[in-house]
J.: 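The structure follows.
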Amino acid sequence: MSELLQQLDAVLESRKCEDDAEKSYVASLHKKGLNKILEKVGEEATETILAAKDAQSSGDNQDMIAETADLWFHSMVMLSHLGAGSQDVLQELGRRFGLSGLEEKAARSKEG
Ligand SMILES: N=c1c2ncn([C@@H]3O[C@H](COP(=O)(O)OP(=O)(O)OP(=O)(O)O)[C@@H](O)[C@H]3O)c2ncn1[C@@H]1O[C@H](COP(=O)(O)O)[C@@H](O)[C@H]1O
């Protein structure tokens, strides 16, 4: 699965050199710039929340899964636009793996 994210990262990166925004959605986002990309991330986050509420009442997860894919994808475009990638996020999740969220929070408040 991480291989798929890596492949998608490479495609997103290559779209920075694609001049024809008519041919590529990702190139069009890179060209419009960070504000447009962030607008899409916010829009997809809202759509994911609404789809999750619908999934709870209908018992059908399909739309929620599709909206989450849109959110992940646009977040990956954001990372790529700023010179980061999904592997950086996976590394951070790996670092946190097995570390209880409550323990981590308690350690943070002791530090502060
Ligand atoms: N995974 C995706 C992906 N997911 C969603 N989308 C596009 O995201 C767009 C925005 O979704 P919306 O539901 O908001 O659609 P919309 O209302 O038409 O969008 P706006 O007019 O508001 O911009 C749609 O056009 C979707 O097709 C994606 N576009 C591309 N990819 C991947 O990125 C690769 C490169 O894409 P291109 O750069 O277009 O070749 C593709 O091969 C795919 O692997």
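Predicted model, so just to flag it, every value in this text is computed and none were measured. What's counted below: heavy atoms across the whole structure, side chains too, no hydrogens, waters or symmetry copies. When a ligand or atom number is given, it counts from 1 through the structure's own listing order.
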J.: Would you please name every residue forming a salt bridge (Lys or Arg N to Asp or Glu O under 4.0 Å) with Glu39, sequence neighbours left out?
T.: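 With neighbours one apart ignored, the set is Lys36.
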J.: Locate the shortest heavy-atom distance separating Leu12 from Val77; write the atom from each residue and the value.
T.: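 Smallest interatomic distance, heavy atoms only, reads CD1-N, 3.8 Å.
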J.: Over all heavy atoms of both residues, which pair between Ile37 and His74 is shortest? Give the atoms and the distance, please.
T.: CG2-O, 4.1 Å
J.: Find the distance between CG (Asn61) and CD (Glu67) and round it off to the nearest 0.5 Å.
T.: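 With rounding to 0.5 Å, CG (Asn61) is 13.0 Å from CD (Glu67).
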J.: List by chain and number: which residues place a heavy atom under 4.0 Å from ligand 1?
T.: Leu8, Val11, Arg15, Ser24, Tyr25, Val26, Lys40, Glu43, Glu44, Asp70, Phe73, His74
J.: Using every non-hydrogen atom in the two residues, find where Asp9 and Ser86 come nearest and quote the distance to one decimal.
T.: OD2-OG, 2.6 Å
J.: Can you say whether the rings of His81 and His30 are parallel (under 30°), tilted (30 to 60°) or perpendicular (over 60°)?
T.: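 Geometry flag for His30 against His81: parallel rings.
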